[in-house]
Number of protein chains: 4
Amino acid sequence: MPDDREPTPPPAPSPRGPRKRPDAAARRRAILDAALEVFAEHGFTGARMEDVARRAGIAKGTLYLYFKDKTALFEGLVHDAADPILGRLEREFAGFEGSTRDFLELLFQHIRTEAIASPRRHIIRLMLAEGERFPAIADFYYREVVARGLNLLRAINQRALARGEIASDAALRFPQLIIAPVLVAAVWDGMFGRHEPLDLPGMFAAHAELVLRGLGWREA
Amino acid sequence: MPDDREPTPPPAPSPRGPRKRPDAAARRRAILDAALEVFAEHGFTGARMEDVARRAGIAKGTLYLYFKDKTALFEGLVHDAADPILGRLEREFAGFEGSTRDFLELLFQHIRTEAIASPRRHIIRLMLAEGERFPAIADFYYREVVARGLNLLRAINQRALARGEIASDAALRFPQLIIAPVLVAAVWDGMFGRHEPLDLPGMFAAHAELVLRGLGWREA
Amino acid sequence: MPDDREPTPPPAPSPRGPRKRPDAAARRRAILDAALEVFAEHGFTGARMEDVARRAGIAKGTLYLYFKDKTALFEGLVHDAADPILGRLEREFAGFEGSTRDFLELLFQHIRTEAIASPRRHIIRLMLAEGERFPAIADFYYREVVARGLNLLRAINQRALARGEIASDAALRFPQLIIAPVLVAAVWDGMFGRHEPLDLPGMFAAHAELVLRGLGWREA
Amino acid sequence: MPDDREPTPPPAPSPRGPRKRPDAAARRRAILDAALEVFAEHGFTGARMEDVARRAGIAKGTLYLYFKDKTALFEGLVHDAADPILGRLEREFAGFEGSTRDFLELLFQHIRTEAIASPRRHIIRLMLAEGERFPAIADFYYREVVARGLNLLRAINQRALARGEIASDAALRFPQLIIAPVLVAAVWDGMFGRHEPLDLPGMFAAHAELVLRGLGWREA
DNA sequence: TATGAATGAGTCTTCATTCAT
DNA sequence: AATGAATGAAGACTCATTCAT
């Protein structure tokens, strides 16, 4: 069952339909992929709809069949990229048996591969860049990603405290401290990589270590 | 030593120079202040030169007497905002006698008041937003701010290690971990403040604590 | 004898023809009715084919099965609305026994109910608006409506003169003077109605009176 | 003292200024003249701003320095063409000593030369065509032209009645009847001229005659 | 026949930059 | 040095028309 989640016009035609015309959902995907590239490269205002169309392999007008305007396209972009990662992490945490240390490792590995070393990295950058100018998107992003992410982090902390793995509630009060390095990771290589590449696995490992010790880690 | 790379007409109006035209330098400042506002509000592409001019209280054409084009204005903006903070911190650290814990506190307080709770906050946001698209600026920023900042952090760590205040070299290898929360701070309120305001002093305090403990802090 | 100059697919669906597809003719009607609304509301250039289709309850593509293009649709519109009124008036006049005064009254009443207080009012407005830009339509309209109308008016005058009911040939030479108020009537309420509504029956009555007296009316 | 009446941005520079750059007012005129041509030819929606610019001999962007958008340009057009004629007629009537018949003659002659046989003719056509879609303009036109025109006509009638020149108050109640033929005149030649040219002076003479007699004219 | 997704030419409008004053 | 009118390239978006189903 393909993951489909478009909150916009064209619903998939016949679920078993022909493969000829690429089928609305696929086309929508193509557009969003193209849009991610273009927005990432030029920012919202700088992105040209025509470029998005060209890269998606469709005509300019077709774009507007799928997204009513540039803003809707940007919103669609963020909407669409939102949950997958978090959903999985939430489920994994729910059933996780191992130590908090193990889960943190898992967490950062996920983030690294799914959010940083993937086109999704640009979504984060775009949010940092344009979020303040798109309250509607910021709201959505807060609701779907940030709040959920912080809640997950709080849950992790809570459990670790309950289990006696850690002693401090610092990260319960400020879960932002745990993902802060993700922002650095999302942004570093594009800006400063040529001067001083950043060893992401290394940094996340060091971060996990630092955090755990900082929170008073002791083997449960 | 202030930098200059604009086609600024007046023959190096030293900040304390002659009294002739009290303008020039002052006008440059006015322009840059206006530019910061406008760029911060709309991003690079979205900013309108006319708005900058209006807010600076000058005519559109006059802008081009001070900055050759929009890009030069943006560069000038970043250039100009760079120095102050770091210079002071570097000097303070050089002569600092107290404990690393005390200095960290000082550091975050500085950052909070000088970089976050000030228009400069927008510079950080602008760099996050546009950095990838302006290699020249990213380079400058790296050289003048980032590299220097990281070096300062490394020096702090080094000294703390040398003094036996901490045990881990994690922050020596990844000083980014120490400023990561600054990015969160620079960005949070504008985007998510209305949903969940962030207690900056609290967060920085928690962060300092976390880091110190994480690095194996023991009263020297 | 109704005219046809559209690429209408069905093999001349005589209004009383077979029962097969009850459509075709009905559909053509629906389209023209929709078109009248839309053209009236937005003018030729401003009208959108899609709107016409929607209001006619058909798909955009179907429109082009009935009318080769927008211009043909507009032409069809005018063509179709032309006949009815005049034909009836001509016939009525041919067999009219009463006084010219009575016929004039009849005439204006007809015009009022059939041309002004009816969607056809918009045809007049559309001709005023777009006529100059559509010579083909203007020609058709002249032939089918204007010339016939003027001829009817001339005939009326002629007979009135012959009967000794009036003395002047002014309206014979300028029958336009007799329908001029129709233009006012067709246009007034839409434009100025909210400032100063126009009492149409009153105006036409006054007009008839004015004209008759002006032409030297005397009870025959 | 040239007749200047721009309700829009650029006020004339120095009243005695150089002749070099055509001077705002002149340029505004040029734009309006060009706009009249283009709007008359293609209607509001069909008119292209670029054509207006070209015909006015300026760049596309310059247009927007004088009129904020297409609608404002259209409004400017109507505004600007509005009073001249009426103002003069009102003044002439105020001081008129002759007979009502003489004044009517004068009136129609004025209208013929100033409103029909002039580019202004197109303003009337444009109002007929687009008035219903531009309530703001219709209102303005009503206030500045129609209401004033009707009032003038009522005044004429009133005086004629008072003087005993005419007996009927028909045209006092429906002054529209007096200018109705003006609509015909404004529209006829462009649409039907090639089939049946209209002798305007003849028609207006016949109309004046008809009206006067119709109103019960008797030499005072 | 009917559909409506797709196309791309065409249009308004904005804005960085120039330049005559 | 300062101005702000003028320019025109560029970009978002629309819509008549086509065509695969």
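So that the names make sense, note that chain A is the first sequence line, chain B the second, and so on, each numbered from 1.
Residue order along DNA chain E, read from the 5' end via each residue's closest nucleotide, puts A/Gly61 first among A/Gly61 and B/Lys70. When each of D/Leu63 and A/Thr62 is assigned the nucleotide of DNA chain F with its nearest heavy atom, D/Leu63 is the one assigned upstream, toward the 5' end.
In this structure A/Arg48 satisfies the salt bridge (charged side-chain N to carboxylate O under 4.0 Å, His left out) test together with A/Asp51, sequence neighbours excluded.
Look at CG on B/Leu73: it is 16 Å from P on E/dC15, rounded to the nearest Å. When rounded to the nearest whole Å, the span between CG of D/Asp23 and P of E/dT21 equals 13 Å. Computed from coordinates, the A/Lys68 NZ to F/dC13 P distance equals 8 Å when rounded to whole Å. Look at CZ on B/Phe67: it is 16 Å from P on E/dA16, rounded to the nearest Å. One interatomic measurement links the two molecules: CZ of D/Phe74 to P of E/dC12, which rounds to 14 Å at whole-angstrom precision. When rounded to the nearest whole Å, the span between OH of B/Tyr64 and C1' of F/dG4 equals 13 Å. When the P atom of F/dT14 is taken as reference, atom CG of A/Leu65 falls 11 Å away, rounded to whole Å.
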Given ring-ring contact (aromatic ring centres under 6.0 Å, His included), test C/His122 with C/Phe39 step by step and report yes or no. CA-CA 8 Å; C/His122 297 300; C/Phe39 280 126; over 10 Å; no
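DNA chain E lies under 4.0 Å from at least one heavy atom of each of the following residues of residues 46-60 of chain D: D/Ala47, D/Arg48, D/Met49, D/Lys60.
Comment: D/Arg125 does not engage D/Glu130 in a salt bridge, judged by the lack of any side-chain N to carboxylate O separation of less than 4.0 angstrom. Salt-bridge annotation for D/Asp80 and D/Arg28: present, with a side-chain N of the basic residue lying under 4.0 Å from a carboxylate O of the acidic one.
Of all heavy-atom pairs between D/Gly76 and D/Leu32, the closest is C-CD2, 3.9 Å. Heavy atoms only, all atoms of each residue included: C/Ala34 and C/Arg55 are closest at CB-CB, 3.7 Å. D/Phe44 and D/Lys70 get closest at one heavy-atom pair: O-NZ, 2.8 Å. Residues A/Ala30 and A/Ala56 come closest through the heavy atom pair O-CB, 3.8 Å.
By the 30° and 60° cut-offs, the orientation of the rings of D/Phe74 relative to D/Phe134 is perpendicular.
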Starting at the 5' end of DNA chain E, write a dot or bracket for each base, bracketing those in Watson-Crick or G-U wobble pairs whose two distances are under 3.5 Å and using | for partners on another strand. .||||||||||||||||||||
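In this model, the phosphate group of E/dA2 is approached by a side-chain N or O of C/Tyr66 to a distance below 4.0 Å at OP1 or OP2. At F/dA5, none of the side-chain N or O atoms of D/Arg27 fall inside 4.0 Å of OP1 or OP2 (strictly under the cut-off).
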